[in-house]
Amino acid sequence: MRALRIIALVAAAALLPSPSGAQEADALRRELEQMRKQFETVQQEYQRAMQQMSERLQRLEARPQSAAPTPAVVQAPTGGAPTTLMDLARPRPPFALSERRGAGQFLFDMGIAGDFVATLTRGNADTANAGTFAGRENRLFPREIEVSFFGQIDPYARGEVRIEAAEEFEDGERENHIGLSEAHLTLLTLPLGTQAKIGLMRNRFGLLNERHQHDLPQIDRPNALVRFFGEEQLVESGAELSWLAPLPFYLQALVGVFNGDNEEAFGRGSLTSPLVTGRLRTFFELGDTSALQLGVSVASGDTDDELRNTILGGDVKFKLTPAGYRHVLLTLAAEALYGRRSVDFRDDDGIRDDRTRYRAGWYTYAEVQPFRRWAFGARYDWTQFPVEPGREWALQPYVAFMPSEFLRFRLGYKHTERTHRISDDDGRGSGRIMDELLFQATFILGAHPAHPF
């Protein structure tokens, strides 16, 4: 405030008219001298205050402090600098780490998913065990009750464990089984932009092999996938390496080496003659409201007869989400399989003659969701049998009601026709032409990972 008064007096003095007499000039000089002394006093006080603050700062800096360790951060190369081989080989940090955890919280996420299915069909299909869910025709049963534990182990790895209970039909008997369905470790920050998954997992072959039962787009899996890989699909122990190509567009490459335990398609079960899988997947945004995914897959391994089986696959998926929608309005998808399988054929004299079977199968489906809680769709299946002669086709329209994102009900009708009848060991029943009414109820408790596209 004192400085402001001084400045005001100086300004007022500058605006005064020039004095006419010597007496007035002397008075003005005295006032100016007094103002100069006051200004020097204020300046000294400011310097003294600044000196005190500087001394206090030096004392604070001289105190010993417990410095927290600074996390190592990998710097990405600047945009102007060219990418070197060392830059490519340096591990990258993951794009997303686990959320911050507070006291009393789990270090991982836990979730439960329940999936119940009911079927109604004719007695001839029931007798022959020829329904979509063989041996469980005209029943309501738990298809999959799953408990999942998953989360970040540290910034460099992620873990996942799933325990599953279900009613299964094996060797003519229905039994409830509880067992380990998945347990794997994912290393997120390997060199060259790669990631590795190790353990028991659902192979990322095609569109739906990675999906669990409660996450399927329809009540059941397409006939082609069931005929080629069985009801459980490819669930294998081994390792899978993924790589995201540094390109202007999205391109992911996968390669895996597994035991080959799938009894339907492979069954050798040994790393000395492993099941080898591969997949290429790309993704395109078609404007702001739609997207397209394309993929090709391969699986090759030995059967339990030590004969080679190779299956090729191609898939396409399209989604449309108009502006203002909170959910996908239209989904279109298709997948085709082509197999080359050597089989053990013996003539009437018991002489072995290895032959090759070339088989194909495909499916396509469309789903429209005009309302947030209701969806309507249909799927068409066509497939040959991988070893035996013959083929089948099926058509399945369905409707889904979702009270929330954690609860869903589906009702579907499925018509199937085969080129030959299916009967039990006593020759009873027939599944050549079959009509089924399918119902599904699914719920989710706790955490649930995001679905793939």
Side-chain angles (χ1 to χ4, degrees), residues 115-145 164-179 181 202 208-209 211-214 216 218-235 261-267 303-304 337 339 359 361 363 379-396 398 410-442:
D115 182 55
F116 300 89
V117 171
T119 70
L120 289 175
T121 187
R122 295 178 180 177
N124 59 346
D126 189 356
T127 302
N129 295 326
T132 296
F133 303 99
R136 289 152 292 176
E137 295 84 1
N138 297 318
R139 286 177 59 80
L140 190 152
F141 60 94
R143 179 171 61 166
E144 181 182 73
I145 308 298
E164 180 182 298
E167 181 177 289
E168 299 179 358
F169 180 74
E170 294 181 358
D171 301 326
E173 298 290 338
R174 286 188 294 264
E175 295 181 357
N176 289 320
H177 289 269
I178 301 177
S181 61
R202 283 191 167 273
L208 300 180
N209 191 82
R211 295 284 191 99
H212 298 87
Q213 308 284 20
H214 62 274
L216 293 175
Q218 292 87 38
I219 299 174
D220 63 325
R221 292 189 185 273
N223 290 16
L225 301 183
V226 175
R227 294 300 180 187
F228 276 77
F229 297 114
E231 186 175 338
E232 296 298 324
Q233 301 292 281
L234 290 177
V235 183
D261 295 323
N262 181 279
E263 297 179 357
E264 192 73 28
F266 303 104
T303 65
D304 53 0
L337 301 177
R359 297 291 189 261
Y363 68 90
R379 191 187 75 215
Y380 179 81
D381 300 293
W382 186 95
T383 183
Q384 295 175 305
F385 299 114
V387 177
E388 302 297 330
R391 61 186 180 275
E392 66 181 5
W393 66 269
L395 178 64
Q396 179 185 167
Y398 63 92
R410 283 198 187 113
L411 180 64
Y413 163 77
K414 185 176 182 180
H415 175 79
T416 305
E417 291 191 15
R418 302 181 174 103
T419 55
H420 62 280
R421 66 190 298 268
I422 296 178
S423 59
D424 63 4
D425 296 336
D426 298 329
R428 299 177 303 171
S430 174
R432 195 183 75 81
I433 299 178
M434 184 175 58
D435 295 283
E436 296 174 285
L437 190 64
L438 306 176
F439 173 77
Q440 179 188 28
T442 300

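Here the structure is a predicted model, which means the values were calculated and not measured. The figures here come from the full heavy-atom set of this structure, side chains too, leaving out hydrogens, waters and symmetry mates.
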| task | Give a yes or no on whether I178 atom CD1 has more than 12 heavy-atom contacts from other residues, nucleotides or ligands under 6.0 Å away. | result | no
| task | Check the pair V235, N209 against side chain to side chain contact (heavy atoms under 4.5 Å, CB included), reporting the backbone distance first and the verdict last. | result | CA-CA 9 Å; V235 183; N209 191 82; 6.0 Å; no
| message | List the residues meeting salt bridge (Lys or Arg N to Asp or Glu O under 4.0 Å) with D304, not counting sequence neighbours, and say none if there are none. | response | none
| note | Looking only at heavy atoms, the pair that brings G431 and A130 closest together is CA-CB, 3.8 Å
| field | Residue pair Y398 / L438, side-chain heavy-atom distance below 4.5 Å | value | no
| field | Closest heavy-atom pair and its distance - T442, D115 | value | OG1-OD1, 2.8 Å
| Would you say the side chain of H212 lies within less than 4.5 Å of the side chain of R202, judging by non-hydrogen atoms? | yes
| remark: The reported gap from OG1 in T132 to CZ in R221 (rounded to nearest 0.5 angstrom) is 13.5 Å
| query | So, for G390 and T419, which heavy atoms are closest and what is the spacing to 0.1 Å? | reply | CA-OG1, 3.2 Å
| message | Donor-acceptor check, side chain of E137 to backbone of G131, threshold 3.5 angstrom: yes or no? | response | yes
| task | Could you pull out the closest heavy-atom pair between N129 and G135, with the gap in Å? | result | OD1-CA, 3.7 Å
| Partners meeting side chain to side chain donor-acceptor pair (under 3.5 Å) with D220 (sequence neighbours left out) | R379, Q396, K414
| query | Counting N and O atoms only, with roles assigned by atom type, does the side chain of T119 sit under 3.5 Å from a partner on the main chain of N138, one being a donor and the other an acceptor? | reply | yes
| said: If I compare all heavy atoms of G412 with all of I219, which pair ends up nearest, and what's the gap? | reply: N-CD1, 3.7 Å
| request: Tell me, with the steps shown, if R418 and E388 meet salt bridge (Lys or Arg N to Asp or Glu O under 4.0 Å). | output: CA-CA 13 Å; R418 302 181 174 103; E388 302 297 330; over 6 Å; no
| Side-chain donor/acceptor of R227 to backbone N/O of P386, under 3.5 Å | no
| query | With a 4.5 Å limit on heavy-atom distance, are the side chains of E417 and W393 in contact? | reply | yes
| query | Measuring from L140:CG to F116:CZ, what's the distance to the nearest 0.5 Å? | reply | 8.0 Å
| More than 12 heavy atoms of other groups within 6.0 Å of R122 CZ | no
| Under 3.5 Å: donor-acceptor pair, side chain of N223, backbone of W382 | no
| So how far is it from L225 CG to L337 CG, rounded to the nearest 0.5 Å? | 5.5 Å
| said: Just checking R139: does its CZ atom have more than 12 heavy atoms from other residues, nucleotides or ligands closer to it than 6.0 angstrom? | reply: yes
| task | List the steps and the verdict of side chain to side chain contact (heavy atoms under 4.5 Å, CB included) for E232 and E168. | result | CA-CA 10 Å; E232 296 298 324; E168 299 179 358; 4.0 Å; yes
| field | Side chains of R359 and Q384, donor plus acceptor under 3.5 Å | value | no
| message | R136 and salt bridge (Lys or Arg N to Asp or Glu O under 4.0 Å): which single residue from E231, E175, E170, E167 fits? | response | E231
| request: Test V117 against F141 for side chain to side chain contact (heavy atoms under 4.5 Å, CB included), laying out the working first. | output: CA-CA 6 Å; V117 171; F141 60 94; 4.0 Å; yes
| request: Would you check if Q233 and N262 make a side-chain contact, meaning some heavy-atom pair closer than 4.5 Å? | output: no
| said: Counting C-beta onward and ignoring hydrogens, is there a side-chain heavy-atom pair between M434 and E392 closer than 4.5 Å? | reply: no
| remark: Taken in chain and number order and not counting sequence neighbours, the residues that satisfy ring-ring contact (aromatic ring centres under 6.0 Å, His included) with F169 are none
| request: Please work out whether the ring planes of H420 and F385 are parallel, tilted or perpendicular, with thresholds of 30° and 60°. | output: perpendicular
| Just by modelled atom types, is the A394 backbone N or O under 3.5 Å from a matching donor or acceptor in the T416 side chain? | no
| message | Just verifying a value: how many Å separate L120 CG and E436 CD, rounded to the nearest 0.5 Å? | response | 9.5 Å
| request: Measure the CZ-CZ distance between F133 and R143 for me, rounded to the nearest 0.5 Å. | output: 4.5 Å
